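Side chains included, hydrogens not; waters and symmetry mates left out as well; all remaining heavy atoms used. The shown structure was predicted, so the numbers you read here are calculated from the model rather than taken from an experiment. All chains are named by letter (A, B, ...) in the order of the sequence lines, taking the proteins before the strands, and each is independently numbered beginning at 1.
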Amino acid sequence: QQPVQSPQAVILREGEDAVINCSSSKALYSVHWYRQKHGEAPVFLMILLKGGEQKGHEKISASFNEKKQQSSLYLTASQLSYSGTYFCGTETLNTGNQFYFGTGTSLTVIP
Amino acid sequence: NAGVTQTPKFQVLKTGQSMTLQCAQDMNHEYMSWYRQDPGMGLRLIHYSVGAGITDQGEVPNGYNVSRSTTEDFPLRLLSAAPSQTSVYFCASSYVRPRESPLHFGNGTRLTVT
């Protein structure tokens, strides 16, 4: 039930862009994205509902292709504060109310 | 608003001991859930609740019990602690079911079982 994320880790220089992918083998209601700093709780970034929408949050945006059960998180002109582990979370159509997270993508932004 | 409050922040148990991790939210959220986080394995769902009096199992429920007698509280009980339960535990809640609503997390409980 757990979605698959790629890549597992990425290192960027300030100002560079990154894409994090999340895919599921099951049909999805929605996809969430969270960021977790070391030693802290995950923090909600955005939710994408069925309909293929794209959303933005500062220089971070995401898309959701419900036909392919895939979502991508786009980080543009990365800043040092973007460092952390990014998780996607999903609820599939056949697991009623069970919300699963991917294994995470570690993002490190260096000066 | 305090949001989601978890206690304790740290706990050390001996194998076989029992304890309860507390979780309370003051946002009138219907949905509450418990996750454990282990290195390299992300967040795994233990139990969840869609409202007072209703609970159900997630993907790793063995060794844990929950109850939801009020909307605000969702305690997690470890029945007989084992070293494999050493982990960081997060409680999370959402206004309605997470297919439509973001999850709000507590600050976590770091549990060590020796």
- Is the closest side-chain donor-acceptor distance between A:Ser63 and A:Tyr74 under 3.5 Å? yes

- Consider only side-chain N and O atoms of B:Tyr64 and B:Tyr89, and report whether a donor and an acceptor are under 3.5 Å apart. yes

- Under 4.5 Å from any heavy atom of chain B - which part of A:Phe99: both

- Task: Can you tell which part of A:Glu40 gets under 4.5 Å to a heavy atom of chain B, answering side chain, backbone, both or neither?
- Result: backbone

- For residues A:Thr105 and A:Pro7, report the shortest heavy-atom separation together with the two atoms involved. OG1-O, 2.6 Å

- Quick check, are the ring centers of A:Tyr34 and A:His32 under 6.0 angstrom apart? yes

- Query: Any donor-acceptor pair under 3.5 Å linking the side chain of B:Asp26 with the backbone of B:Gly3?
  - Reply: yes

- Query: With distance as the sole criterion, is a donor-acceptor pair present between the side chains of A:Ser23 and A:Gln70 under 3.5 Å?
  - Reply: no

- Message: Checking an interface table here. Which of residues 93-110 of chain B come within a heavy-atom distance under 4.5 Å of chain A?
- Response: B:Arg97, B:Pro98, B:Arg99, B:Glu100, B:Ser101, B:Pro102, B:Leu103, B:Phe105, B:Gly106, B:Asn107

- Value rounded to 0.5 Å, distance of CZ in B:Arg44 from OG1 in A:Thr103: 11.5 Å

- Note on the structure: Nearest heavy-atom contact between A:Asp17 and A:Thr76 is OD1-CA, 3.3 Å

- Message: Is it the case that the side chain of A:Lys37 and the backbone of A:Ser83 share a donor-acceptor pair, with hydrogens and angles ignored and the cut-off at 3.5 Å?
- Response: yes

- Query: Do A:Leu49 and B:Tyr31 share a hydrophobic cluster, counting only Ile, Leu, Val, Met, Phe, Trp and Tyr and linking them when any side-chain heavy atoms are less than 4.5 Å apart?
  - Reply: yes

- Relative to chain A, which segment of B:Gln57 carries a heavy atom at a distance below 4.5 Å: side chain, backbone, both, or neither? backbone

- Hey, is the main chain of B:Gly51 close enough, under 3.5 Å, to the side chain of B:Glu30 for a donor-acceptor pair? no

- Query: Which answer fits A:Gln2, side chain, backbone, both or neither, if we ask what part of it has an atom under 4.5 Å from a heavy atom of chain B?
  - Reply: side chain

- For A:Gln5 and A:Tyr86, indicate whether the former's side chain and the latter's backbone hold a donor-acceptor pair under 3.5 Å. yes

- If you check every heavy atom in residues 72-82 of chain B against those of chain A, which residues fall under 4.5 Å? none

- Message: Please classify the contact of A:Gln36 with chain B as side chain, backbone, both or neither, using a heavy-atom distance under 4.5 Å.
- Response: side chain

